[in-house]
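First up is the structure itself, then whatever we jot down about it.
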2 protein chains.
Amino acid sequence: MTARSSTDPARVIPEATVARLPVYLRALTALADTGIRTCSSEDLATAAGVNSAKLRKDLSYLGSYGTRGVGYDVDYLRYQIAREIGVTQDWPVVIVGIGNLGHALANYSGFRSRGFRVVALLDADPSLSGEIVAGVAVRPFDELEAIVHDHDVAIGVIATPASAAQDVADRMVAIGITSILNFAPSVLSVPEGVDVRKVDLSIELQILAYHEQRKANGAEAAAPVAPVADGGAA
Amino acid sequence: MTARSSTDPARVIPEATVARLPVYLRALTALADTGIRTCSSEDLATAAGVNSAKLRKDLSYLGSYGTRGVGYDVDYLRYQIAREIGVTQDWPVVIVGIGNLGHALANYSGFRSRGFRVVALLDADPSLSGEIVAGVAVRPFDELEAIVHDHDVAIGVIATPASAAQDVADRMVAIGITSILNFAPSVLSVPEGVDVRKVDLSIELQILAYHEQRKANGAEAAAPVAPVADGGAA
DNA sequence: ACCGATTTGTTCTCACGTTCACAAACTCTT
DNA sequence: AAGAGTTTGTGAACGTGAGAACAAATCGGT
């Protein structure tokens with residue numbers, strides 16, 4: 001018997017699949033909200049914007065939660081995915097850097113509704129201390145250790161300027177935070193065992209610009225006129 | 001002679017490479033700012049947080065811009081990457097949805113400094129019209145078409161609630177926008193030829209939560225006490 | 001002009017992720 | 001109870017990406 005139970009920690013879920021589970025979870029919630037109790041892999045795949053074979057394979061890593069000939073029970077599958085991701089429990093989170101982006105993050109309702117609780121907002125600028133953002137008071141960065149210790153925080157969000165990001169990360173790691181979501185446009189170096197995910201607004205736009213430029217160039221090249229001069233002449 | 005010149009539109013750059021080019025660009029800019037004129041692939045790879053072999057392979061897709069035995073000229077390589085991505089030109093951008101996140105995006109200096117110019121802020125809520133955010137007036141959503149036409153906008157940013165996102169996207173596509181950066185937590189369906197990139201804050205946190213949970217479970221399983229009760233009993 | 005040191009560009013191999021295709025398993029009708 | 005129709009779960013083929021390793025090219029010293 002080599003079947004892996006869903007509580008077997010040795011069972012490995014591919015990273016690409018993990019990244020899609022939250023999408024499935026959201027799609028299932030949307031289906032449940034419209035009163036749908038059962039759905040096929042095709043239905044769910046459409047709602048999640050993926051191929052149904054990929055969806056089935058992804059779900060198969062979690063276990064066998066569907067019924068052949070029928071499909072998936074929406075609520076049951078939703079619970080299983082939520083449990084797998086870990087959003088059935090509450091995750092305390094600290095946000096460091098309360099500028100424009102920090103404000104937006106603190107106010108973002110999508111966190112709270114998915115099991116993430118913002119327990120503190122921190123900023124190095126003392127003039128911000130005491131300000132209330134989304135019902136939480138901004139506190140000095142120095143209080144990070146006490147807060148992380150008190151609330152058993154494992155996840156930190158960095159929304160500072162790039163220049164401060166590494167220092168903040170170092171401090172977080174030293175205090176015991178093991179997962180960091182980094183919005184600052186800088187490469188963080190952290191020790192083994194600490195997970196970092198990066199969200200970089202301008203990189204996303206640059207990727208779009210690249211493809212946009214290619215579309216334009218392609219159209220240009222396809223047009224019968226104006227062969228593009230090579231840079232060599234300039 | 002099958003060599004592909006850098007202006008050959010048929011030359012294909014892998015998507016994974018495209019996504020890293022902006023990181024290299026940023027790292028090069030940082031190096032240039034510290035007065036460094038030349039760097040090896042090892043130096044740049046370290047600054048960008050990647051493996052040097054991967055970096056060299058990525059750069060090789062653009063052309064042969066290094067010198068063996070020496071390395072890369074920082075300014076020259078920076079220009080070549082910027083040109084490849086398309087950030088040597090100016091990209092007009094519209095932002096739709098001026099809530100907390102829209103404000104943060106409008107104020108984000110990283111856009112402007114990388115060739116993206118916010119030409120308009122739009123919101124369906126008429127009570128926001130006329131408000132000035134980051135030096136740009138908020139205008140009614142209806143003016144999208146005129147603005148896109150006037151400024152030749154190809155890239156749109158959606159920062160609305162999920163419920164409005166698909167409608168906004170449809171409208172953008174109808175008007176001629178071909179690249180969309182979507183911050184709303186919803187799956188957009190768009191026709192062939194339109195690029196969509198998604199930034200989803202809560203998905204990133206959920207991915208971290210998954211790994212965090214696994215770390216905790218692993219530690220628990222390793223500990224000699226407390227076998228985890230299966231959900232079946234609950 | 002040659003030799004050793006250095007570093008790029010590229011080839012080869014392996015791992016990962018996606019998609020197809022189908023057998024297994026379930027429901028419903030007769 | 002059996003067969004037709006569905007739909008899942010998975011094995012196999014394919015494509016893409018990562019990393020190691022090395023040949024080609026350049027520089028500096030003698």
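Letters A, B, ... are given to chains in the order of the sequence lines, protein chains preceding strands, and every chain is numbered from 1.
In this view, Thr67(A) and Val70(A) satisfy the side-chain contact (heavy atoms from CB on, under 4.5 Å) rule, not counting sequence neighbours.
Looking at Arg78(B) and Asp73(B), no side-chain N of the basic residue comes within less than 4.0 Å of a carboxylate O on the acidic one, giving no salt bridge.
For the atom pair Arg114(B) CZ and Tyr108(B) OH, the distance stands at 5.5 Å (nearest 0.5 Å). For the atom pair CD1 of Ile13(B) and CG of Leu21(B), the computed distance is 6.0 Å after rounding to the nearest 0.5 Å.
Leu55(B) has its CG atom 12 Å from the P atom of dA18(D), to the nearest Å. One atom, CG of Asp58(A), and another, C1' of dG17(C), lie 10 Å apart when rounded to the nearest Å. We find that NZ of Lys54(A) is positioned 17 Å from C1' of dA13(D), with the value rounded to whole Å.
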Short heteroatom pairs, N/O only, protein and nucleotides 10-16 of chain C, under 3.5 Å:
from    : atom 1 : to       : atom 2 : distance (Å)
dC12(C) : N4     : Lys57(B) : NZ     : 3.4

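No contact: Glu42(B) has no heavy atom under 4.0 Å from any strand.
Nearer the 5' end of DNA chain C, as judged by each residue's closest nucleotide, is the contact made by Asn51(A), out of Gly69(A) and Asn51(A).
Between dG9(D) and Tyr72(A), a contact under 4.0 Å exists linking OP1 or OP2 to a side-chain N or O. OP1 or OP2 of dT8(D) lies within a sub-4.0 Å distance of a side-chain N or O belonging to Ser41(A). OP1 or OP2 of dT7(D) has not a single side-chain nitrogen or oxygen of Tyr65(A) nearer than 4.0 Å.
Aromatic ring centroids of Tyr65(A) and Tyr76(A) lie under 6.0 Å apart.
Base pairing in DNA chain D gives the following stems of 3 or more Watson-Crick or G-U pairs, range against range and under 3.5 Å: C:1-30 with D:1-30.
Under a 3.5 Å cut-off, the side chain of Glu212(A) and the backbone N or O of Ile155(B) do not form any donor-acceptor pair.
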